[in-house]
Enquirer: 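Below: one structure in structure tokens.
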Amino acid sequence: MAQTLISVSALLLSVAMLIFGHGLQTTLLPLAADRFYFSDFEIGAISSAYFVGLVLGCLGAPLLIMRAGHIRAFAALVSLMSGAAILHPVLIDPYSWFIIRVVSGFSLAGFYMIVESWLNESATNENRGTIMSVYIVIVFGAMILGQVSIASMNISSFVPFAVASVALSLAVMPISLTTATQPAPITLVRFRPIRLYQTSPAAFVGILLIGVSQGAIFTLSPLYGSQIGLSTNQSAYYAAAIIGGGMMAQWPVGRLSDRMDRRLVLVGLGAATALAALTIVVFSPTAFPIAILSAVLVGIFTQPLYAIAVAHAFDHAAPEDFVETSSGMLLSFGIGSIIGPLVASLIMGQIGPSGLYVMIAAVSLTMAAFVLTRVFTREALTDDEKTDFEYAATAQVGSVISPEPLDAEAEEYVIPPEEFPAYEDDIYNFDTPSDEPEDDTGGGNGPSEDDLAADNKDVGAKGDRSGEPVLETHPETGKSEKPDGS
């Protein structure tokens, strides 16, 4: 385990630095936009733009990865995100910020895609859960640190934007200097919403509505804090408290869902979220300690919802459909998250900051009511039929949405090596020993063209252009390996 963590330490360090910069921006941008006199709707549109980019990234980022490989694609995407961050104080208008946030969302989608597929490739079935849990803790921790770091900065200055950009830029270094072998080609799957709905209506519709509420609270909670009279520092802690509450609740709520019908857990969390939101609307707590306590409660009730809903979808999906299910549910969540900030900002513009929690209460009640109807429509699974809750499994590990229809009869959605030109580059084959002797004449270290032709003929359809066997997915372990089992 320790050796595996050491092998991915560079990757985890990059994750920490990038998510720190990303967390800083999520708190900074709505507060800065309000300081620059953007309207509530403009702030909501900018918040939605991030999720627009996230959805587009699920569709478009694979093309970049296929062309350049994981390491180069990582460097390109993170550099793009860093450049976008520093443009905010340069181009101060809502239209520019909308485009910038689309770029940031696209880059972050590719980042998650690369990181999670890399971690999944480095892990074994025995330690995958632990490694992914460490990864998720780092993501939560870095996000919270990024959010509260704004407390020491002046949001009217250039400094916080520069700090975010520097943190993102530094995230490129550990991966660019790593000697680890990049993972096998990413898996492509199709987004088939009708099939996802037929597999688990409660999970599909639930996740869409969860995206609406969580997209709004994730991006607009700093603005809410500022509008109810909290200082900039206090608004940053308010937003971080929501994430912190969710971090504390993920594991115990997940384990609770293992012991009962997950749909009842979703109903309970939805009802509790609505109750907490309506309480905030009625009493409008402005005292900082009480506001923080309410934010923690909202985080406890809202943040585990996505993981529980995806776990419920996995309960009803065949193992071979887990990748498609995970990716499809994430895309559904992203679509809902685009809608949430727009609707919430419109309501906030009409009735004030409490409009955020009015919308969250309404959406949460709707989600709970729909899932409750499914409880009476479909019989609950037994404990033996359920998949053990594992929060790491709800991440979009090693999968992306295909921008084109794929062959539904295909057993595996894996990119053929001929369509993955990045793997022609020998710099990505660190662990592949060469069996060919060096050319004593100094004419080159590789085999001759005749040898390559013979190797390719032997390997057939499963060989890449260098004659080296292509990594395949083992049907039991899920690990990538060569056809000979090595």
Side-chain angles (χ1 to χ4, degrees), residues 19 22-23 25-31 33 38 40-58 94 97-98 100-109 112 139-140 143 147 203-225 238-240 242-243 245-246 266 269-270 273-274 276-277 295 298-299 301-310 327-349 353 355-368 394-396:
I19 298 301
H22 171 58
Q25 289 186 85
T26 60
T27 302
L28 169 64
L29 293 180
L31 294 175
F38 290 9
D40 287 346
F41 178 74
E42 288 171 340
I43 296 174
I46 292 168
S47 301
S48 293
Y50 163 75
F51 295 104
V52 171
L54 199 69
V55 171
L56 293 177
C58 290
W97 281 29
F98 183 93
I100 292 171
R101 289 306 283 165
V102 171
V103 171
S104 295
F106 181 94
S107 301
L108 198 67
Y112 281 132
V139 169
F140 270 111
M143 176 70 72
Q147 289 178 310
F204 183 75
V205 176
I207 283 177
L208 183 67
L209 294 174
I210 290 167
V212 173
S213 61
Q214 289 196 11
I217 198 168
F218 178 70
T219 56
L220 297 180
S221 56
L223 178 64
Y224 170 84
Y238 183 87
I242 295 176
I243 303 298
L266 290 174
L269 289 174
T273 299
V298 169
F301 297 142
T302 60
Q303 298 304 302
L305 283 168
Y306 175 78
I308 302 301
V310 174
S327 299
M329 293 299 174
L330 182 63
L331 193 56
S332 176
F333 178 84
I335 293 171
S337 297
I338 294 172
I339 300 170
L342 285 173
V343 175
S345 63
L346 286 173
I347 301 175
M348 292 173 73
L356 172 63
Y357 285 104
V358 169
M359 191 212 74
I360 290 173
V363 173
S364 298
L365 281 177
T366 302
M367 185 274 294
T394 64
Q396 189 192 21

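All values derive from a computational prediction rather than experimental measurement. Residues: numbered from 1 along the sequence shown.
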Enquirer: Quick one: does any side-chain atom of Ser337 pair with a main-chain N or O of Gly211 as donor and acceptor, under 3.5 Å?
Expert: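 Pair found, side chain donor or acceptor close to backbone of Gly211.
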
Enquirer: Tell me, do Met367 and Thr273 make a side-chain contact under 4.5 Å, heavy atoms counted?
Expert: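 Of all side-chain heavy-atom pairs linking Thr273 with Met367, none is under 4.5 Å.
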
Enquirer: What pair of heavy atoms forms the shortest contact from Ala274 to Leu365, and how long is it?
Expert: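 Nearest heavy atoms, Ala274 then Leu365: CB-CG, 3.5 Å.
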
Enquirer: Once you round to the nearest 0.5 Å, how far does CG of Asp40 lie from CE of Met348?
Expert: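 Taking CG in Asp40 and CE in Met348, the distance rounds to 5.5 Å.
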
Enquirer: Side-chain contact test, heavy atoms from C-beta onward, threshold under 4.5 Å: evaluate it for Ile43 versus Ser345 and give yes or no.
Expert: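 With C-beta onward as the side chain, the pair stays apart.
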
Enquirer: Test of understanding: with side chain to side chain contact (heavy atoms under 4.5 Å, CB included), list the residues that count as partners of Ala216, not counting sequence neighbours.
Expert: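 Testing Ala216 for side chain to side chain contact (heavy atoms under 4.5 Å, CB included), a comparison that skips the adjacent residues, returns Ala344, Leu356, Met359.
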
Enquirer: Could you tell me whether the side chain of Ser364 and the main chain of Ala361 form a donor-acceptor pair under 3.5 Å?
Expert: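 Side chain of Ser364 to backbone of Ala361: no pair is present.
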
Enquirer: If you round to the nearest 0.5 Å, how far is CD1 of Ile360 from CZ of Phe301?
Expert: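 Here the interatomic distance stands at 13.5 Å.
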
Enquirer: Identify, with sequence neighbours excluded, every residue that meets ring pair (Phe, Tyr, Trp, His ring centres under 6.0 Å) alongside Phe333.
Expert: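 Tyr306.
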
Enquirer: Is it the case that the side chain of Ser332 and the backbone of Gly328 share a donor-acceptor pair, with hydrogens and angles ignored and the cut-off at 3.5 Å?
Expert: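 Absent.
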
Enquirer: Using the ring pair (Phe, Tyr, Trp, His ring centres under 6.0 Å) criterion, which residues pair with Phe38? Sequence neighbours excluded.
Expert: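 For Phe38 the ring pair (Phe, Tyr, Trp, His ring centres under 6.0 Å) partners, ignoring immediate neighbours, are Trp97.
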
Enquirer: Over all heavy atoms of both residues, which pair between Cys58 and Leu331 is shortest? Give the atoms and the distance, please.
Expert: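 For Cys58 versus Leu331, the nearest heavy atoms are CB-CD1, 4.4 Å.
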
Enquirer: Can you name the nearest heavy-atom pair linking Val55 to Gly334, along with the distance?
Expert: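 What the structure gives for the nearest pair is CG2-C, 3.8 Å.
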
Enquirer: Specify the closest pair of heavy atoms between Ala309 and Leu266, including all atoms of both residues, with the distance to one decimal.
Expert: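 Heavy atoms of Ala309 and Leu266 come nearest at N-CD2, 4.0 Å.
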
Enquirer: To the nearest 0.5 angstrom, please state how far the OH atom of Tyr50 sits from the CG atom of Leu29.
Expert: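 The CG atom of Leu29 is 11.5 Å from OH of Tyr50, to the nearest 0.5 Å.
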
Enquirer: Please round to the nearest 0.5 Å and tell me the distance separating atom CG of Leu209 and atom CD of Gln214.
Expert: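 CD of Gln214 is found 11.5 Å from CG of Leu209.
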
Enquirer: Which heavy-atom pair separates Leu220 from Ser47 by the least distance, and what is that distance?
Expert: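 Closest approach of Leu220 to Ser47: CD2-OG, 3.6 Å.
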
Enquirer: Who passes side chain to side chain contact (heavy atoms under 4.5 Å, CB included) against Ile339, sequence neighbours left out?
Expert: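 Listed in chain order: Val212, Val343.
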
Enquirer: Over 60° means perpendicular and under 30° means parallel, so classify the ring planes of Phe51 and Phe218, tilted if in between.
Expert: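 Judged by the thresholds at 30° and 60°, the geometry between Phe218 and Phe51 is perpendicular.
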
Enquirer: Rounded to the nearest 0.5 Å, what's the gap from CD on Gln147 to NE2 on His22? Could you check?
Expert: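 Answer for the CD-NE2 pair, Gln147 versus His22, is 8.5 Å.
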
Enquirer: Where do Leu305 and Leu269 come nearest, in terms of heavy atoms and distance?
Expert: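 Leu305 and Leu269 have their closest heavy atoms at CD2-CB, 3.5 Å.
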
Enquirer: Run the side chain to side chain contact (heavy atoms under 4.5 Å, CB included) test against Val102 and tell me which residues pass, sequence neighbours left out.
Expert: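 Once residues adjacent in sequence are excluded, the partners of Val102 under the side chain to side chain contact (heavy atoms under 4.5 Å, CB included) criterion are Ala49, Val52, Leu56, Phe98.
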
Enquirer: Run the side chain to side chain contact (heavy atoms under 4.5 Å, CB included) test against Ile242 and tell me which residues pass, sequence neighbours left out.
Expert: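 Checked Ile242 against side chain to side chain contact (heavy atoms under 4.5 Å, CB included); matches are Ile217, Ser221, Tyr238, Ala295, Gln303, Tyr357.
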
Enquirer: For residues Leu342 and Phe41, determine if any side-chain heavy atom of one lies less than 4.5 Å from a side-chain heavy atom of the other.
Expert: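 Sidechains of Phe41 and Leu342: in contact.
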
